[in-house]
Amino acid sequence: MTAMQKLLQLPVNAVNMVKTVQSQVQGQEEDKSPVLSPDSGQQTWYSALQPDELRHLRSGGTGGGGGDQEERATLEEGGGGGSFQTQPLRHDDLKEMLDSNKDSLKLEAMKRIVAMIARGKNASDLFPAVVKNVACKNIEVKKLVYVYLVRYAEEQQDLALLSISTFQRGLKDPNQLIRASALRVLSSIRVTIIVPIMMLAIKEAASDMSPYVRKTAAHAIPKLYSLDPEQKDQLIEVIEKLLADKTTLVAGSVVMAFEEVCPERIDLIHKNYRKLCNLLIDVEEWGQVVIINMLTRYARTQFLNPNLNESLLEDGGSGDKTFYGSDEDEDDDEKENKEKAEAAALAKRKPYVMDPDHRLLLRNTKPLLQSRNAAVVMAVAQLYFHLAPKAEVGVIAKALVRLLRSHSEVQFVVLQNVATMTIRRRGMFEPYLKSFYIRSTDPTLIKILKLEVLTNLANETNISTILREFQTYIKSMDKDFVAATIQAIGRCATNIGEVRDTCLNGLVQLLSNRDELVVAESVVVIKKLLQMQPEKHSDIIKHMAKLTDNIQVPMARASILWLIGEYCEHVPKIAPDVLRKMAKSFTYEEDIVKLQILNLAAKLYLTNSKQTKLLTQYVLNLAKYDQNYDIRDRARFIRQLIVPTEKSGALSKYAKKLFLALKPAPVLESPFKDRDHFQLGSLSHLLNAKAGGYQELPDWPEAAPDPSVRNVEVFTLLERVTTLTSVPEWTKCSSREKRKEKKVEKPFYSDSEGESGPTESADSETNSASASDSASDSEQSRSSSESEESDEGSESEEEKENKNKKKVVKKAVKESESEQSSEEENRKLEKKIKQQEKDSETVSDDEESDSESSQSTSEDSESEAEVKKKAPVSRTPPKPVKKEKKEMSLLDLDDFEPATSPQVTPISTLLSNSLVTDLEGLSLSDSVLAPSTITPSGTLKSYELLHRITGEGLSVEYCFGRQPFSPDANMVAVQLQFTNNSTSETKNLHMKDVKLQSGMRVKEFPEIELLPAGDTASAVMGIDFCDSTQAANLQLCTSTRKFFVSIQPPVGELMRPVFLTENEFKREQGQLMGMNELTEKLILDAKYRNEHAIVQRVTTAAHLSRVPCGSDNECSPSVPPPDHPAHRFAGRTVTSGSLVLVTVATGEEGVAQLTVNCEKMVIGTMLVKDILLALTQ
Amino acid sequence: MIHSLFLINASGDIFLEKHWKSVVSRSVCDYFFEAQERATEPENVPPVIPTPHHYLISVLRHRIYFVAVIQSEVPPLFVIEFLHRVVDTFQDYFGVCTEAAIKDNVVVVYELLEEMLDNGFPLATESNILKELIKPPTILRTMVNTITGSTNVGEQLPTGQLSVVPWRRTGVKYTNNEAYFDVVEEIDAIIDKSGSTITAEIQGVIDACVKLTGMPDLTLSFMNPRLLDDVSFHPCVRFKRWEAERILSFIPPDGNFRLLSYHVSSQNLVAIPVYVKHNITFREGSSQGRFDLTLGPKQTMGKAVESVLVSSQLPRGVLNANLNPSQGAYTFDPVTKLLTWDVGKINPQKLPNLKGTMNLQAGASKPDENPTINIQFKIQQMAISGLKVNRLDMYGEKYKPFKGIKYMTKAGKFQVRTYQHFLMVQTSM
């Protein structure tokens, strides 16, 4: 069967197959399908196919390769696979699949939708169908839904909100990975309305125990910032907090956030500078790039220019040798010491002393030149270029040259930067000259850049080599490259006087080249060279004059003409003849050539008017009627200047001076000159134009700012440590004390130092920590921790001297242990116990980290570490207990103990009420105590339920009566007021056939049998809104009519007051911090600053009760309140009984702060809005 | 940082797009197409293209352009390196990185891209973590998935992201524990017409395939580490240990990875294993040119030179070539003017030779350019620099692994120039 046949036949089969499938899926609807209509089905379908779908079919039929079997399988399976051909339709099939119960169908649908998104097709109309599956159990479906959601949420903001609660739930998951992914998706949804929720989530996550969640929080910061730049101040606070984080996992991400949000706040870096330097080597590669770039900028503001005394430093700069690491036998420590000594010696001799922090940065970035990641290498290279003393910059050359082996795009960028560097520091790359030799297989872009570098590197000593190399390039088949080579030769000739004549001769020889482009380029370059010393080269000019017969390239012709015109004295005989020829061909020439012909004519007219007068006039006449106005203008201008007429102005006297003035020789410069004012490696540098968001590299300060700003207690021992060993100091000392954070941040490189003691404990901990996350893993991780341990042990055999005795002893013990299995068992047991200890420790980590940072100064004495290990353990108990308490508080009726607070009688009703609601919230009792009426402090607001026109005379209004609804305490009471405006009576008024959102319940009012004309009646019904502001859709019936009505509660009505004392209030508030707390600043209108107004407005907006504040205030309300009182209100949501706490703290000038604490963040958010509105209206 | 990614195939179709921030219209690629049109060769499209509102940074791999859209300042290498990492990941997952493979696995591709970047900032690029998150598709798994409706998304949470050694997954188990290391050296050289070496250097890599149970800790030491002049490591290598003792100490990733790339110090003279005798001439006034090429071994330490492939871009004026190879087969593409000669193994007794005539366009003048000859070859069981691995030790696990090491030398960018110097500087200097 030929391919063509297959193509033609297969669809028929497929259609049949599809038909069966469709009939299964859609039943009788098959006929209606426009695509599969029996008569034209095949054809329509065919044209609707995408090319790649065709491919699927083709290979599907032939039994195809691996990837296609999937398609085929689905086709045969029938389930949902058959309908992918109907894609151009309105995706009904996909919707159906998404609605199904089977995960496999959903998955199939999501896969297809994602494929559509990938192809750039619009799938936004599926949003409602997709978003429903956000809480799907199947992980892959869920992931794909996330992909979809993040893509389309921006377009479908309202619907996207439906998914928020899923993520909010995820934010509280005990598993850090789930918390992190929830935060990641939540923050990726670009919907402005959830900004406050995002803000809260970020704040919460920033102080999460898990570094991974904190990392995610750091990632979320720029997302929120781009969504709402007004959050900047708050975000900076979070950044500040995260910058203080001590884990490598977070460091890269938070610096990235810093760079995006507040790169100008360099002051935030001070305290973290040394830590960042020390962590750097263990940060992931991408983070390294960002940190290094930022630190470069930082260093430029904080340290002195090490190259101020450049000449002085140069002779002392033997540092090169050590930096090349050529002496391998040298012990690392020794080397370090030597370097130190050298630096010290230098410092003594010179007035300049490098700040130790500056040195720290240089030292800690240097190993990264060995990174496999080109971006990291480049980042270090630019750091050295911008910050290092001249003598040390050389190290980077080798690494950069290494990058030239990489992909051509990498080469492209690296060469651009090398080109800039070679202008300033040529010596650095001279040893690598040959690495820039050009191969015929290089892409032209690369060739030209290499040529640039070679040209920059050319000097008196290597010019002959370079020129010889250039000669071979001229024979290349790549003509653009040849042209560039010729220009490069020209540049070498101008820069290096010794070879000027040789180059010129060589270029002149090129004039006889068969390739016109080569000749043309040579002419242009020769022209420039001749300008430097024209008198010596009249023969060259003559030679070139002859070329005008053959050469057609406009630029070259123009150049020759210009040369002849400019130096017509040197070729007095030839010049007029050239003009004659040119006059003949004038009309066919290109514009630039025409202009030069005019120039030549003018110049000849001035010098040799006898011979050329007529010619000139002829040319000028031709030009007068040229199509190009530039040429017409020029002709007019020249005529006026040179041809003396009675009208001609004073200028014509100076015509000769104007035309034959001595022109300065052009300077042939590298296009990379002066590019280094851009930070190297940056996009702006590459483009030689400032890109958006580029941060200028500041100039060195005149005097160094105070270095003590970087002091952190931890680093008091820094100097000593650095001289002892080259392990990143910070990580080392931390590896001992910082127990739980070790989890992620245990530095990898540094453990090679043979610090088997501390690293071992760190390892075991790592695993135990992760074990606490997933118990199932614990077995594996324990075994792996052991393996690491024993490896450390055996490794230590290899390592010799430089260990202190204690360690040796310890290792010996270990070795014997690993040999004797029985003891090993013991150890396992021990470990288990240890692990448990640690598990409990992890809980308390947040509190500890501060104290630890100060502790972690010590390093070498084991005993000290031991003590500290214990310290946190003993401190742990309080916190878990506290946590437990939080859980229990709902059950703990003591919390509401009325006896604790002295109350006056009127409140007692309130009290009982609050008790009731509390009990209800706990669902301890279903029965309701006698409802106490609470008169709302404001007037009740009525809402229209049914307008009298739509209601055909019947109008209904409703208001929230704010009484508890007696039949069911979980319901909100709604008072309905019926008015019969018609002339006839209305009968049998009742609610019927209620269509409600899931979870909502309604208790209908008793039927009103008769409502006479003009009469009014009222009734009370109860609705359980499930603590949401979704409207309850109802049907109101009379004997004759049905009306669809809906009742939407303001958020303030979804709660009922609860009595709390101030202390209780504060305690509860303390437990609803973080995510559950919303704060908003506002300014109160002058008229409403008094207490009464505030209380009234808040209680009108929300059904809350006032918390008596300050006993004095309470007993004697007449006494003026303290200067800035805080008004507190408390309530519980009706359905779930979650506490709602509102605080309005007033300040000077009517400035007030509104705080809402509520477990239900959506309610909290909305309540803040409502109260804000009420207070500021 | 990275706003969006577009994949564009050789014929200029955007066949995949992914946005990490708000959506950037695909019309932004028009600027790319413009630049593409301007460039004569596909690889000459500038990697960085500024447009009025965005910057396009692209890499070309496997005839697919990966075009990243950037909105503000970012180190270009950062993006380029990342894009290459994406390609490597695809290759790792699908075996090949072709348009067809990407389209067939579009969902996996999308999931990967989603995990690799968060808001445009790289999140998980370590293949180990990615494989934990998203299992690479295999034929078997795809079949099973379609039948059972199961997925290729990892069921377990990716704890690797939290690990101290993010490049290694936990709980690795093998029945055969093996560790193989390939020392592969490439010679980059430019040889001039007279056969003297203009520049030659050796670049090497050590690629590893490690399939070991548990958490092994390996050390690899060399007999002559001084040879290594400049090195770059996989992040698993403990840098300090190398600095101090010149020993590679590392906990290896699971599976294939590049442990080390190195450059052999330039002080060492590079042995050039092959020589070329060539005579490619065009006579003035004649429409024929002569072609004569002989290859021979040189400094190979007794090892055979295999898989030799000679290619040369002949001047544009050449219409066709009538050549006669003493061994192997040659092809000449009259459109691209590319001559390739698959030589195979060089027999020192009977040197391979390719001889014959080239026909030029009638009446055309003799071409100025002389072609360059590119040579590829392989020499098994030898590292041309003389680098030798001393020993490989494993700590941390009880079992005895099977260890293997292989040496190989290849031609890198090995070029022989046939053109004369033009006379310019011949004497004066």
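Labels below follow one simple rule: chain letters A, B, ... track the order of the sequence lines, proteins then strands, and each chain is numbered from 1.
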Problem set entry | Side chain / backbone / both / neither for B:Trp20 at chain A, heavy atoms under 4.5 Å | backbone
Problem set entry | Residues B:Gln415 and A:Ser440: side-chain donor-acceptor under 3.5 angstrom | yes
Problem set entry | Backbone of A:Met477 reached by a side-chain donor or acceptor of B:Arg316 within 3.5 Å | yes
Problem set entry | Proximal component of A:Val290, with respect to chain B [non-hydrogen, under 4.5 Å] | side chain
Exercise. If you count heavy-atom pairs under 4.5 Å between each of B:Ser72, B:Pro76, B:Pro75 and chain A, which one has the most?
Worked result: B:Pro76
Exercise. Sub-3.5 Å donor-acceptor pair from the side chain of A:Lys434 to the main-chain atoms of B:Ile198, do we have one?
Worked result: yes
Exercise. So, B:Glu111 and A:Lys111, do they make that salt bridge, N to O below 4.0 Å?
Worked result: no
Problem set entry | Engaged part of A:Val289 at the chain B interface, taking heavy atoms whose separation is under 4.5 Å | side chain
For this session: Can you tell which part of B:Phe94 gets under 4.5 Å to a heavy atom of chain A, answering side chain, backbone, both or neither?
Result: neither
Problem set entry | Atom pair CG/CZ of A:Leu683 and B:Phe78 - distance to nearest 0.5 Å | 13.0 Å
Exercise. Is a salt bridge present between A:Lys398 and B:Asp230, judged by a nitrogen-to-oxygen distance below 4.0 Å?
Worked result: no
For this session: Kindly compute the distance separating CD (B:Glu41) from CG (A:Leu445), expressed to the nearest 0.5 Å.
Result: 11.0 Å
Exercise. For B:Arg85 and A:Asn373, what are the C-alpha separation, side-chain angles and deciding distance, and is it a side chain to side chain contact (heavy atoms under 4.5 Å, CB included)?
Worked result: CA-CA 10 Å; B:Arg85 205 61 74 79; A:Asn373 187 319; 3.5 Å; yes
For this session: I would like to know whether A:Glu154 and B:Ser22 meet side chain to side chain donor-acceptor pair (under 3.5 Å); could you show each step before the answer?
Result: CA-CA 8 Å; A:Glu154 212 169 357; B:Ser22 45; 4.5 Å; no
Exercise. At what distance, to the nearest 0.5 angstrom, does CZ of B:Phe414 lie from OG1 of A:Thr441?
Worked result: 13.0 Å
Exercise. Ignoring hydrogens and geometry, is there a side-chain-to-backbone donor-acceptor pair from A:Arg190 to B:Lys21 under 3.5 Å?
Worked result: yes
Exercise. When you look at A:Arg184 and B:Glu115, which way does the salt bridge (Lys or Arg N to Asp or Glu O under 4.0 Å) test go after all the steps?
Worked result: CA-CA 11 Å; A:Arg184 200 181 145 199; B:Glu115 291 300 335; 3.3 Å; yes
For this session: Could you grab the distance from atom CD of B:Glu43 to atom OG1 of A:Thr444, nearest 0.5 Å is fine?
Result: 7.5 Å
Exercise. Are the aromatic ring centres of B:Phe121 and A:Trp286 under 6.0 angstrom apart?
Worked result: no
Exercise. Who among B:Val59, B:Asp118, B:Thr199, B:Leu16 has the most heavy-atom pairs with chain A under 4.5 Å?
Worked result: B:Asp118
For this session: Between chain B and each of A:Arg439, A:Arg151, A:Gln416, A:His219, count heavy-atom pairs under 4.5 Å; write down the option with the most.
Result: A:Arg439
For this session: For the residue pair B:Glu243 and A:Pro367, establish whether any side-chain heavy-atom pair is separated by less than 4.5 Å.
Result: no
Exercise. Between B:Pro42, B:Pro47, B:Ser261, which has the largest tally of heavy atom pairs under 4.5 Å with chain A?
Worked result: B:Pro47
For this session: Go through A:Arg119 and B:Phe15 one step at a time and tell me if the side chain to side chain contact (heavy atoms under 4.5 Å, CB included) criterion holds.
Result: CA-CA 6 Å; A:Arg119 259 183 286 153; B:Phe15 66 93; 5.9 Å; no
For this session: Heavy atoms only, distances under 4.5 angstrom: which of A:Met256, A:Met378, A:Lys690 has the most pairs with chain B? Name it, please.
Result: A:Met256
Exercise. Can you find a heavy atom in the side chain of B:Ser232 that is under 4.5 Å from one in the side chain of A:Arg402?
Worked result: yes
For this session: Could you tell me which portion of B:Ile373 (side chain, backbone, both or neither) has an atom closer than 4.5 angstrom to a non-hydrogen atom of chain A?
Result: neither
For this session: Tell me, for A:Phe412 versus chain B, whether the close heavy atoms (under 4.5 Å) come from the side chain, the backbone, both or neither.
Result: side chain
Exercise. Non-hydrogen atoms of chain A under 4.5 Å away: do they reach the side chain of B:Val45, the backbone, both or neither?
Worked result: backbone
Exercise. By a 4.5 Å heavy-atom criterion (distance strictly below it), what part of A:Ile446 contacts chain B: side chain, backbone, both, or neither?
Worked result: neither
Exercise. How far does NE2 of B:His263 sit from OG of A:Ser435, to the nearest 0.5 angstrom?
Worked result: 6.0 Å
For this session: Answer with side chain, backbone, both or neither: which region of A:Val414 has an atom nearer than 4.5 Å to a non-hydrogen atom of chain B?
Result: side chain
Seminar exercise, completed: Answer key: most heavy-atom pairs under 4.5 Å with chain A among B:Ile14, B:Val106, B:Ile70, B:Thr125 is B:Thr125
Seminar exercise, completed: Honestly, the part of A:Glu260 sitting under 4.5 Å from a heavy atom of chain B is side chain
For this session: Could you tell me whether A:Arg405 and B:Glu186 make a salt bridge, using a distance below 4.0 angstrom between a side-chain N and a carboxylate O?
Result: yes
Problem set entry | B:Arg258 portion near chain A, given a 4.5 angstrom heavy-atom threshold | neither
Exercise. With only heavy atoms counted, which part of B:Ile80 is less than 4.5 Å from chain A, the side chain, the backbone, both or neither?
Worked result: side chain
Problem set entry | B:Leu83 portion near chain A, given a 4.5 angstrom heavy-atom threshold | neither
Problem set entry | Atom pair OG1/CG of A:Thr472 and B:Asp192 - distance to nearest 0.5 Å | 9.0 Å
Exercise. Will you find, in the side chains of A:Glu409 and B:His84, an N or O donor that is under 3.5 Å from an N or O acceptor?
Worked result: yes
Exercise. Okay, side chain of B:Glu114, backbone of A:Val147: is any donor-acceptor separation there less than 3.5 Å?
Worked result: no
For this session: Side chain from CB out, backbone as N, CA, C, O: work out which of these in B:Asp188 comes under 4.5 Å of a heavy atom of chain A, or both, or neither.
Result: both
For this session: Examine whether an atom of A:Ala220 lies under 4.5 Å from a heavy atom of chain B, and if so say whether it belongs to the side chain, the backbone or both; otherwise answer neither.
Result: neither
Exercise. Does A:Arg372 reach the side chain of B:Pro235, with side-chain heavy atoms less than 4.5 Å apart?
Worked result: yes
Exercise. Within the side chain of B:Glu73, is there an N or O that forms a donor-acceptor pair under 3.5 Å with the backbone of A:Gly692?
Worked result: no
Seminar exercise, completed: Applying a strict 4.5 Å limit to non-hydrogen atoms, the region of A:Glu285 in contact with chain B is side chain
For this session: Identify which part of A:Asp501 has an atom lying under 4.5 Å from any heavy atom of chain B, answering side chain, backbone, both or neither.
Result: neither
Problem set entry | Options A:Leu687, A:Val518, A:Val150, ranked by heavy-atom pairs under 4.5 Å with chain B, top entry | A:Leu687
For this session: Specify the closest pair of heavy atoms between B:Glu81 and A:Ala374, including all atoms of both residues, with the distance to one decimal.
Result: OE1-CB, 3.0 Å
